[in-house]
Amino acid sequence: MYKAINKTNLRQVSSLFHRFQSTLVVAEHNNDKLSPITLNTITAASRLGGEVSCLVAGTDCTKVAEELSKVKGVQKVLLAQHDAYKGSLPEELTPLILATQQQFSFTHICAGASAFGKNLLPRVAAKLDVAPISDIIEIKSPDTFVRTIYAGNALSTVRCSETVKVFTVRGTSFEAAPVEGGSASTEQVSPCPPVGVSEWLEQNLTKSDRPELTSAKVVVSGGRGLKSGENFKLLYDLADQMNAAVGASRAAVDAGYVPNDMQVGQTGKIVAPELYIAVGISGAIQHLAGMKDSKTIVAINKDPEAPIFQVADYGLVADLFKAVPEMTEALKK
Ligand SMILES: Cc1cc2nc3c(=O)[nH]c(=O)nc-3n(C[C@H](O)[C@H](O)[C@H](O)COP(=O)(O)OP(=O)(O)OC[C@H]3O[C@@H](n4cnc5c(N)ncnc54)[C@H](O)[C@@H]3O)c2cc1C
């Protein structure tokens with residue numbers, strides 16, 4: 001016999017539905033510190049309702065597991081340590097995630113939409129034979145997600161009917177989970193035998209004392225208008241006065257002015273700082289896709305018709321070689 005569904009028991013059914021979710025967040029870290037995007041991913045996972053577990057896989061990462069166990073919203077930390085997890089190779093991490101999935105039967109598996117998550121989760125989804133959903137910006141319900149398409153010009157709402165939902169999370173669309181207030185239990189997970197089809201040799205990261213581009217509160221970005229790599233010094237000087245990160249357009253990267261880890265945009269990094277200053281950047285749609293969610297946008301461009309002015313809150317039509325040093329000097333006072 002069926003019970004008629006009224007508003008009250010519809011709410012009860014929906015809260016039960018939420019309670020039965022269990023989500024695995026694959027933590028991104030460097031064995032010493034958690035990457036900030038994992039905190040945003042935990043917030044997204046918490047929106048699904050139910051239990052949130054985090055998998056920390058690395059070579060010597062107990063410190064990261066301890067850090068995670070204090071994060072609000074995390075109920076369980078699963079810790080797996082083995083030399084094979086050096087460099088977070090997807091070939092080695094995937095069997096571990098699959099074994100964890102077999103043991104705990106998560107309803108959702110997610111990671112941040114960074115190079116780490118983009119590299120790993122499609123492989124996990126393929127092995128589980130489910131379709132992944134990439135770079136989600138909103139969660140409507142445990143099976144319905146919003147993501148951008150056409151370089152951020154349209155939003156697509158996707159209902160996922162897979163038994164296990166595998167997705168990556170756009171960090172800038174979710175607040176970071178508080179790093180205090182949690183008291184998760186930690187459980188050791190047996191590492192899987194190494195697969196050995198790929199080997200991590202080394203990585204050379206650009207060293208910088210400036211804040212990291214995707215988590216900085218202020219970003220100063222330069223484009224082709226800078227005309228050379230040497231001229232980026234003008235932006236570094238300005239950035240130093242504001243504790244800002246420095247980004248770039250793809251044209252500046254392609255011209256060899258700066259390394260490609262500084263690229264902001266559709267095929268670069270997505271940023272949403274409090275303040276974004278675009279210097280000598282025209283505002284092509286592919287660049288806007290990476291920065292238009294910034295709280296306040298300032299543009300400096302000598303062309304009053306440059307499309308960047310259409311998204312800018314404040315625009316300065318000026319020669320950057322005059323305006324930027326003046327701004328730097330004014331900030332020094
Ligand atoms: C598939 C695809 C993906 C892409 N992904 C990205 C991406 O991720 N990120 C990205 O940025 N682009 C991306 N692009 C490239 C994008 O289309 C543009 O070509 C690029 O953003 C242009 O960079 P820019 O604004 O620096 O250069 P330009 O378009 O050449 O603009 C330079 C600007 O500098 C101004 N300027 C020149 N001199 C001065 C001066 N002295 N003072 C003040 N202003 C000055 C000019 O008025 C001009 O507006 C992508 C393109 C494609 C096809």
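All ligand and atom numbering here is 1-based and tracks the order in the structure.
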Problem - Short side-chain donor-acceptor distance under 3.5 Å, Q263 and T267 - result: yes
Exercise for the section: Would you tell me which option among R250, R224, H287 has the nearest heavy-atom contact to atom 4 (C) of ligand 1? Expected result: R250
Practice task
Using a strict cut-off of less than 4.0 Å between a Lys/Arg side-chain nitrogen and an Asp/Glu carboxylate oxygen, indicate whether E329 and K332 qualify as a salt bridge.
Solution key: yes
Practice task
State whether a side-chain donor-acceptor pair under 3.5 Å links T296 with Y314.
Solution key: no
Practice task
For atom 7 (C) of ligand 1, grab the closest protein heavy atom and report residue, atom and distance to one decimal in Å.
Solution key: Q263 NE2, 3.2 Å
Problem - Side-chain H-bond candidate by donor/acceptor type, T144 with S141, under 3.5 Å - result: yes
Handout entry: Which of the ligand 1 atoms, numbered from 1, are nearer than 4.0 Å to a heavy atom of S249
Key = 11 (O), 23 (O), 24 (P), 26 (O)
Practice task
Could you tell me which atoms of ligand 1, counted from 1 in the order shown, lie closer than 4.0 angstrom to a heavy atom of V264?
Solution key: 7 (C), 8 (O), 9 (N), 10 (C), 11 (O)
Practice task
Taking only heavy atoms of A318 into account, list the atoms of ligand 1 that are under 4.0 Å away from them.
Solution key: 42 (N), 43 (C)
Handout entry: Residue, atom name and distance, where the atom is the protein heavy atom closest to atom 44 (N) of ligand 1
Key = K302 N, 3.1 Å
Exercise for the section: With atom 22 (C) of ligand 1 as the reference point, say which of A151, A251, G280, G290 has the nearest heavy atom. Expected result: A251
Exercise for the section: Show your working on side-chain hydrogen bond (donor to acceptor under 3.5 Å, both in side chains) between Q241 and T328 and close with a plain yes or no. Expected result: CA-CA 7 Å; Q241 295 306 314; T328 309; over 6 Å; no
Handout entry: R210 (side chain) donor-acceptor with D240 (main chain) under 3.5 angstrom
Key = no
Practice task
Return yes when at least one protein heavy atom is under 4.0 Å from atom 19 (O) of ligand 1, and no when none is.
Solution key: no
Completion exercise
So the atoms of ligand 1 within less than 4.0 Å of a heavy atom of A284 turn out to be 16 (C), 17 (O), 18 (C), 21 (O)
Exercise for the section: Give the C-alpha distance, both sets of side-chain angles, the deciding distance and a yes or no for side-chain hydrogen bond (donor to acceptor under 3.5 Å, both in side chains) between R224 and S249. Expected result: CA-CA 7 Å; R224 195 167 6 216; S249 71; over 6 Å; no
Exercise for the section: Mark up the atoms of ligand 1 that fall under 4.0 Å of a heavy atom belonging to T267, in ascending order. Expected result: 3 (C), 4 (C), 5 (N), 6 (C), 7 (C), 8 (O)
Exercise for the section: Would you mind finding which of K227, Q266, Q286 brings a heavy atom closest to atom 16 (C) of ligand 1? Expected result: Q286
Handout entry: Identity of the nearest option to atom 31 (O) of ligand 1, non-hydrogen atoms only, from A289, S282, P307
Key = S282
Handout entry: Side chains of E28 and S114, donor plus acceptor under 3.5 Å
Key = yes
Problem - Contact atoms of ligand 1, heavy-atom distance to D319 under 4.0 Å - result: 40 (C), 41 (N), 42 (N)
Handout entry: A248 near ligand 1 by a heavy-atom separation under 4.0 Å
Key = no
Practice task
Please work out which of the three classes, parallel, tilted or perpendicular, describes the rings of H108 and F145, given edges at 30° and 60°.
Solution key: perpendicular
Problem - Nearest neighbour of atom 49 (O) of ligand 1 from the list N301, L320, D303, on a heavy-atom basis - result: N301
Practice task
Could you tell me which atoms of ligand 1, counted from 1 in the order shown, lie closer than 4.0 angstrom to a heavy atom of G225?
Solution key: 32 (C), 34 (O), 36 (N), 37 (C), 38 (N)
Practice task
Provide the number and element of each atom of ligand 1 under 4.0 Å from a heavy atom of G223.
Solution key: 26 (O)
Practice task
Output yes when D135 and R170 qualify as a salt bridge under the 4.0 Å nitrogen-oxygen rule, no when they do not.
Solution key: yes
Practice task
Return yes if a side-chain donor-acceptor contact under 3.5 Å exists between N40 and T43, otherwise no.
Solution key: no
